[in-house]
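As structure tokens, the structure follows; a few thoughts come after it.
The basis for the numbers below is simple: all heavy atoms, side chains too, and nothing from hydrogens, waters or symmetry mates.
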Amino acid sequence: MVDYICQYMTNLENQRVTPDVEPGYLRKLIPSEAPVEPENWEDIMNDVDNKIMPGVTHWQHPRFHAYFPSGNSYPSILADMLSDAIGCIGFSWAASPACTELETIVMDWLGKAIGLPNDFITSSKGSRGGGVIQTSASECVLVSMLAARNQAIQYLKRNKPHVEDNVFLPKLVGYCSREAHSCVEKAAKILLVKLRILEPDENGSLRKETLLEAMEKDKANGMVPFFVSTILGSTSSCSFDNLQEIGPICKAEPCTWLHVDAAYAGNAFICPELKPLLKGIEYADSFNTNPNKWLLVNFDCSCLWVRCRMRLTHALVVDPLYLQHANSDEAIDYRHWGIPLSRRFRSLKLWFVIRKYGLSGLQKYIRNHMKLAKHFESLVKKDNRFEVVNDVRLGLVCFRLLAPDTVNQTLLATINASGKLHMIPSMVKGKYIIRFCVTAERATRDDIEYAWRTITEHASDLLGMLPTRKEFVRPPLTRQKSKRFSFTRSVSKELYKRSKSKSNLHDGATPILVADSDEENETTPSNENDDILDALTNCKILPEDDDVFNQDNCDDNFRIHPTSPKEIACNGT
């Protein structure tokens, strides 16, 4: 298996970035019943090659530029192998002393390297805080909101000690920016509390005036602000909320918890020159970042620090006799710091990676990504057909053609369908943009220039198609047709209209295709050219056609004439 992994990593560049398969492909290749008799290892690995690998999206591919980096390195892989071999379930100190103590130590290492206040560092003199490894940033946000909810309820119960906790839930309200990740909204749903989604400024930053106005309005209506989730490095555009402005507002409230979600950008703060982006962290009650994004550590490894561990554990402690041990008063039991009881030996991989690379090696890795992102930004700015939409501070560049949204959708669809690159879209400043993120550990300038050549070649092909408007008729897009677009969520027109009235957060990575009808069955004759991908890739979109998501009707005066009979499999639009 070690040899297989090494061969896979070495030969990645020769693979398509994304698979060319249809939904349900694997069910046709694997028996419907589990084998009764044991099978040979060689047969299993042959099936990995012939059945599994054709359906894998290669996140470690040098041409993969979607989402954020998926941390990976040989030290981390080996540490996970060792953790799996040890096979301990480290829910308490007694369950595995080394598992608990190493987690505390490496969390202090990383917290100090990032530049967190001493209150967050377990070993600092007088500290009541500390760090814990969670599964994901979503879990970090949920656990922090849970602790904040418990703190607020205890505050409200001071004058009503005999009232049940759930009576206070309708009064609690949390806040976040529209740029925040959708996990904040999900956490609020799970915890049955209200969430106000606030508008950021033109740079995607949540500012004090917006937050203060919302909080004052809610307090006037008898509500209790209990939680503010801020972001340092948003998913859509890597924007930063203004902690220096927001922090004092939260501190002025009797029970408002300030959480800082820095899932991607937080790793970069190990670089001294980036620490100014952390200004205002002294006001935070909790902070999370994901080494499994941008610190070469394999998933799962999300780090959460809290200023006061008692406020966290008070919301989570359940202590049956069979889990108690003689050293409970002297050691940390991490089962009280999160939702699951069972915990893997995840600190090993963080320890291995930090030791093998050293902080200097990790800083070099991050700086290389930032340098390459700035190079990509310069290439975009030199081409007057494109624009850069975000402030490129780290490894993410948001760009688009200076053309309607629909043209940019088509550009991304054709690039991803080629299998040469993989990128995803988002909405920034009300525009449909393409996210280009540097992700590969050993990314080079050649990788960036290859990506830009691929993008500009597809853009030139697309912009070169200038048929007259009256030559085209786009066949109706049914739900069944729209489902063919891999990586695209299909919704009906009616459902989309209803969703527009809601203030939902986005996950920054789920493009939507709006169907013209809810019909599941296709009734359009094949001779009327029902290849919807050809319709997108071969149609010249004029400015008045911009933003298909907001249009109620499609012009039916278009007929698509494909330039090639070749069928294109779309892996993102």
For this session: Check whether more than 12 heavy atoms from other residues, nucleotides or ligands sit under 6.0 Å from atom CE of Met9, and answer yes or no.
Result: yes

Problem set entry | Check: Tyr450 main-chain N/O paired with Thr454 side-chain donor or acceptor under 3.5 Å | yes

For this session: Look up atom NE2 in His65 and atom CD1 in Ile424, then write down how far apart they are to the nearest 0.5 Å.
Result: 13.0 Å

For this session: Could you check if a side-chain atom of Met427 sits within less than 4.5 angstrom of a side-chain atom of Ile433, using non-hydrogen atoms only?
Result: no

For this session: For the residue pair Phe240 and Leu277, establish whether any side-chain heavy-atom pair is separated by less than 4.5 Å.
Result: yes

Exercise. Hey, is NZ on Lys429 packed in by over 12 heavy atoms from elsewhere, all under 6.0 Å?
Worked result: yes

Exercise. CD1 of Ile89 to CZ of Phe345: how many Å apart, nearest 0.5 Å?
Worked result: 12.0 Å

For this session: Answer yes or no: does atom CZ of Arg367 have more than 12 heavy-atom neighbours from other residues, nucleotides or ligands under 6.0 Å?
Result: yes

For this session: Please check if any side-chain donor atom of His314 sits under 3.5 Å from a side-chain acceptor atom of Asn150, or the reverse.
Result: yes

Seminar exercise, completed: Output for pair (Ile339 CD1, Arg335 CZ), nearest 0.5 Å, gives 16.0 Å

For this session: Write down the atom of Trp294, the atom of Gly395, and the distance for their closest heavy-atom approach.
Result: CH2-N, 4.1 Å

Exercise. Side chains of Cys301 and Phe299: does their closest heavy-atom pair fall under 4.5 Å?
Worked result: no

Exercise. If you measure from CZ on Phe436 to CG on Leu396, what distance do you get to the nearest 0.5 Å?
Worked result: 10.0 Å

Problem set entry | Taking every non-hydrogen atom, the tightest pair across Asp241 and Leu232 | O-CD2, 3.9 Å

Problem set entry | Value rounded to 0.5 Å, distance of CD1 in Ile354 from CD1 in Ile105 | 11.5 Å

For this session: Report yes if the side chains of Gln134 and Leu142 come closer than 4.5 Å at any heavy-atom pair, otherwise no.
Result: no

Exercise. Are Trp452 and Phe376 close enough that their ring centers fall under 6.0 Å?
Worked result: yes

Exercise. Does His369 reach the main-chain N or O of Ala440 with its side chain, forming a donor-acceptor pair under 3.5 Å?
Worked result: yes

Problem set entry | side-chain hydrogen bond (donor to acceptor under 3.5 Å, both in side chains) assessment of Ser123 paired with Asp108 | CA-CA 7 Å; Ser123 58; Asp108 278 2; 2.9 Å; yes

Problem set entry | Beyond-backbone contact of Gln151 with Phe226, side-chain heavy atoms, under 4.5 angstrom | no

Problem set entry | Criterion salt bridge (charged side-chain N to carboxylate O under 4.0 Å, His left out) on Arg311 and Asp285, from CA distance to verdict | CA-CA 10 Å; Arg311 287 195 287 165; Asp285 294 290; 2.9 Å; yes

Exercise. Ignoring hydrogens and geometry, is there a side-chain-to-backbone donor-acceptor pair from Arg16 to Thr18 under 3.5 Å?
Worked result: yes

Exercise. Quick one: do Asp405 and Lys431 make a salt bridge, cutoff under 4.0 Å?
Worked result: no

For this session: Quick one: do Leu359 and Lys364 satisfy side-chain contact (heavy atoms from CB on, under 4.5 Å)? Show the steps, please.
Result: CA-CA 9 Å; Leu359 290 178; Lys364 181 180 179 181; over 6 Å; no

Problem set entry | Closest non-hydrogen atom pair between Ile366 and Asn267, with its separation | CD1-O, 3.6 Å

For this session: For the pair Thr100 (side chain) and Pro97 (backbone), establish whether a donor and an acceptor sit closer than 3.5 Å, ignoring hydrogens and angles.
Result: no

For this session: Starting from the C-alpha separation in whole Å, work towards a yes-or-no answer on side-chain hydrogen bond (donor to acceptor under 3.5 Å, both in side chains) for Ser347 and Glu103.
Result: CA-CA 5 Å; Ser347 56; Glu103 185 161 337; 4.9 Å; no

Exercise. Distance under 6.0 Å and angle within 45° of the ring axis: does Arg355 meet both against Trp351?
Worked result: yes

Problem set entry | Exercise: do Asn290 and Ser302 side chains pair donor with acceptor under 3.5 Å | yes

For this session: Give, for atom CG of Leu312 and atom CH2 of Trp337, the distance between the pair rounded to the nearest 0.5 Å.
Result: 6.5 Å

Exercise. How far apart are the closest heavy atoms of Asn298 and Ile77, and which atoms are they?
Worked result: OD1-N, 3.5 Å

For this session: Please assess Arg149 against Trp257 for the test side-chain contact (heavy atoms from CB on, under 4.5 Å), listing each intermediate value before the final yes or no.
Result: CA-CA 9 Å; Arg149 188 186 75 168; Trp257 182 294; over 6 Å; no

Exercise. So, the side chain of His58 versus the backbone of Gln60: is there a donor-acceptor pair under 3.5 Å, distance only?
Worked result: no

Problem set entry | Check: Ser83/Asp80 side-chain N/O donor and acceptor closer than 3.5 Å | no

For this session: Would you please say whether a donor-acceptor pair under 3.5 Å links the side chains of His259 and Ser286?
Result: yes

Problem set entry | Criterion side-chain contact (heavy atoms from CB on, under 4.5 Å) on Glu179 and Ser237, from CA distance to verdict | CA-CA 8 Å; Glu179 286 288 302; Ser237 62; 3.4 Å; yes

Problem set entry | Side chain to side chain, Val173 and Phe227, heavy atoms closer than 4.5 Å | no

For this session: List the steps and the verdict of side-chain contact (heavy atoms from CB on, under 4.5 Å) for Lys112 and Ile121.
Result: CA-CA 7 Å; Lys112 290 177 182 178; Ile121 309 301; 3.7 Å; yes

Exercise. Counting heavy atoms not belonging to Lys251, are there more than 12 under 6.0 Å from its NZ?
Worked result: yes

Exercise. Within 45° of the ring axis of Phe68 and under 6.0 Å from its six-membered ring centre, is that where the NZ or CZ of Arg435 lies?
Worked result: yes

For this session: Mark yes or no for whether Asn416, through its side chain, and Met423, through its backbone, hold a donor-acceptor pair below 3.5 Å.
Result: yes

For this session: Spell out, as yes or no, whether a donor-acceptor pair under 3.5 Å connects the side chain of Ser73 to the backbone of Leu296.
Result: yes

For this session: Report yes or no: do Thr104 and Tyr334 form a side-chain donor-acceptor pair below 3.5 Å?
Result: yes

For this session: For the residue pair Tyr4 and Val48, establish whether any side-chain heavy-atom pair is separated by less than 4.5 Å.
Result: yes

For this session: Heavy atoms only: give me the nearest Tyr365-Pro69 pair and the separation to one decimal.
Result: OH-CB, 4.4 Å

Problem set entry | Asn368 side chain vs Ala443 backbone, donor-acceptor pair below 3.5 Å | yes

Problem set entry | Note: Arg63-Asp447 ion pair, threshold 4.0 Å (strictly below) | yes

Exercise. Would you find a donor on one side and an acceptor on the other, under 3.5 Å apart, between the side chain of Ser234 and the backbone of Cys238?
Worked result: yes

For this session: Work out which heavy atom in Ile133 is nearest to a heavy atom in Arg343; give both atom names and the distance.
Result: O-NH2, 2.7 Å

Problem set entry | Ser127/Asn118 under side-chain hydrogen bond (donor to acceptor under 3.5 Å, both in side chains): CA gap, chis, key distance, verdict | CA-CA 7 Å; Ser127 171; Asn118 287 338; over 6 Å; no

Exercise. Centre of Phe386's six-membered ring, under 6.0 Å away, within 45 degrees of the axis: is that where NZ or CZ of Arg400 sits?
Worked result: no

Problem set entry | Atom NZ of Lys275 with >12 non-hydrogen neighbours under 6.0 angstrom | yes

Exercise. Is any side-chain heavy atom of Ser177 closer than 4.5 Å to a side-chain heavy atom of Pro200?
Worked result: yes

